[in-house]
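In what follows, a structure is listed as structure tokens, so that the remarks can point back to it.
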Protein chains: 2
Amino acid sequence: MIKREEVLGKLPDLDNLLTPGEREQVLKEMQVHAYRKNEPIYSEGDKPSHLLCLISGKVKIYKDGVGGRAQIVRVVNAVEYFGYRAAFSDENYITAAAAFESSVIATIPIDLIRQLIMRNPQLAWFFLRRLAKALGRSDARTVNLTQKHIRGRLAESILFLKESYGVEEDGCTLSISPSREDMANLSNMTTSNAIRTLSVFVQEKLISLDGRRIKILDEPALQKTSRIG
Amino acid sequence: MIKREEVLGKLPDLDNLLTPGEREQVLKEMQVHAYRKNEPIYSEGDKPSHLLCLISGKVKIYKDGVGGRAQIVRVVNAVEYFGYRAAFSDENYITAAAAFESSVIATIPIDLIRQLIMRNPQLAWFFLRRLAKALGRSDARTVNLTQKHIRGRLAESILFLKESYGVEEDGCTLSISPSREDMANLSNMTTSNAIRTLSVFVQEKLISLDGRRIKILDEPALQKTSRIG
DNA sequence: ACATTTTTGTGTTTAAAAACATCTTTTGCT
DNA sequence: AGCAAAAGATGTTTTTAAACACAAAAATGT
């Protein structure tokens with residue numbers, strides 16, 4: 001178990017937008033949980049009760065679709081909030097979340113957050129901005145996933161992972177090493193096609209692979225592939 | 001030109017959540033414009049400057065994709081706000097909007113809205129809820145458009161139009177009569193396939209067609225088709 | 001009213017991706 | 001270490017939908 005006092009200081013905005021009294025209240029009600037790799041965090045249909053904040057690790061937000069195929073709709077990096085959309089619109093979760101890799105997550109009761117938002121316009125604006133950005137990305141993603149061909153979608157996913165989680169010290173190896181199935185679920189394709197197309201990208205020297213580790217060799221060409229297929 | 005005084009009374013929430021002084025300020029800065037059918041309202045890349053409110057008519061929000069094919073990502077019904085997402089996230093528009101049919105739209109400078117939000121948590125919460133709902137629908141839409149087959153996507157679009165715009169007095173004719181191209185752009189398919197699949201639905205007695213008018217004959221079967229294809 | 005353009009409808013061909021089958025490699029477990 | 005299960009790899013077949021081509025009907029402008 002992680003010390004809650006150490007965690008609050010890491011919470012962006014929630015820490016510095018609150019009055020000392022509010023901060024104390026959050027500290028009292030906050031809990032911290034650890035999740036192992038691939039462990040579910042919440043499931044579709046669950047009733048949301050807490051705002052979640054990813055303190056460390058990586059999280060995927062996905063939706064199960066036709067024939068057991070999942071689609072990853074968002075990914076979460078530390079330190080970011082998630083899991084509040086359904087609560088804000090008074091719905092049960094329509095997505096599921098799982099740890100991409102082992103993660104530590106702080107939870108704060110959503111009712112408390114709602115109270116803070118109603119008292120603190122800065123905080124309201126913070127979440128408004130986040131939702132607005134997420135909606136824009138979701139719209140763009142819809143079109144990319146529906147209209148691009150397999151090569152374009154996979155290239156885009158690789159660039160998406162770079163943008164979301166960054167790269168290691170070498171400047172080109174992705175900081176996250178997803179399974180082929182995860183790559184498929186990011187890119188709206190079958191696992192077979194993800195494997196196949198990754199191999200083609202290696203042959204074309206766009207990337208190199210070392211197990212699950214993906215190294216971007218030719219980013220401009222990858223961007224071009226993402227655009228035109 | 002429509003009288004601005006008559007319009008403000010129709011604005012949901014913005015009317016009843018504001019103090020008299022705030023209401024006066026909105027009235028002073030609000031403008032009203034009329035758009036003909038298919039007339040563009042804003043384009044991808046434009047800088048957003050106003051909150052838009054659809055007073056009457058119907059609006060489609062879409063995104064141009066690969067090879068001139070557009071994808072409709074949202075539709076707007078009267079009386080609803082739109083066009084604020086990009087402004088809230090400090091981006092230019094990443095979508096375009098056009099009148100589905102002739103429409104009247106009120107515009108309020110986004111800076112004024114931002115000020116009101118910072119002073120009025122109820123108003124902030126109103127927009128938070130709207131964005132949260134829109135994001136949920138967008139996520140669901142992503143999966144539906146990517147994973148379902150043509151029949152499922154088209155059936156879903158018909159039901160989506162019923163839900164969004166309702167039906168006429170007969171209880172089964174859609175209130176909106178989109179072109180085959182619009183149906184295709186809603187359903188992520190080519191116009192040819194929209195025409196073809198609509199014909200098949202007529203043969204199967206799921207719907208009947210009278211030009212652009214769509215009448216739902218067997219909603220349960222249409223829902224089943226939407227789910228399983 | 002008539003010519004022109006746009007929209008709708010239908011058949012055919014081609015390309016893309018899913019489904020399927022099989023095998024190898026890696027990983028996790030006790 | 002040894003076994004079972006999961007993940008990765010690859011070739012083949014089948015399905016799906018896009019692309020293409022053309023004709024008919026409807027809408028639009030003059």
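Order of the sequence lines sets the chain letters (A, B, ...), proteins ahead of strands, with each chain counted from 1.
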Worksheet item: Just by protein heavy atoms under 4.0 Å, how would nucleotides 13-28 of chain C read 5' to 3' in B, S and -?
Response: ---SSBBB--------
Worksheet, complete the sentence: In 5'-to-3' order, the base (B), backbone-only (S) or no-contact (-) status of each nucleotide in nucleotides 24-30 of chain D, using a 4.0 angstrom heavy-atom cut-off, is -------
Worksheet item: Between D:dG8, C:dT7, C:dT10, which nucleotide gets closest to the side-chain atoms of B:Arg212?
Response: C:dT7
Fill in: Minimum-distance nucleotide (side-chain atoms of A:Ser199 versus C:dT8, D:dG8, D:dT10)
D:dT10
Fill in: B:Lys58 to B:Tyr165, cation-pi by 6.0 Å centre distance and 45° axis angle
yes
Worksheet item: Does A:Phe160 have A:Arg137 sitting over its ring (NZ/CZ under 6.0 Å from centre, angle to axis within 45°)?
Response: no
Length of the [atom1]-[atom2] vector between [X] and [N], whole Å:
X        : N     : atom1 : atom2 : answer
B:Asp182 : C:dT6 : CG    : C1'   : 14 Å
A:Ile195 : D:dA7 : CD1   : P     : 11 Å
B:Leu209 : C:dG9 : CG    : P     : 7 Å

Worksheet item: Pick from A:Arg74, A:Arg141, A:Lys63: which one makes a salt bridge (charged side-chain N to carboxylate O under 4.0 Å, His left out) with B:Asp139?
Response: A:Arg74
[X] bridged to [Y] by N-O distance under 4.0 Å:
X        : Y        : result
B:Glu91  : B:Arg85  : yes
B:Asp90  : A:Arg129 : yes
A:Arg212 : A:Asp182 : no

Item to complete: Give me the ring orientation class for A:Tyr93 and A:Tyr42: parallel if the planes are under 30° apart, tilted from 30 to 60°, perpendicular past 60°.
Response: parallel
Worksheet item: For the helix from C:dA1-D:dT30 to C:dT30-D:dA1, what is the angle between the axes at its two ends, each from 5 pairs, rounded to 10°?
Response: 60°
Worksheet item: Does A:Thr191 have a side-chain nitrogen or oxygen under 4.0 Å from the phosphate oxygens OP1 or OP2 of D:dA7?
Response: no
Discussion item. What I'd like to find out is whether the side chain of A:Lys215 reaches to under 4.5 Å of the side chain of A:Asp210, using heavy atoms alone.
Written reply: no
Worksheet item: How long is the span from the OG1 atom in A:Thr191 to the CD atom in A:Glu181, to the nearest 0.5 Å?
Response: 5.0 Å
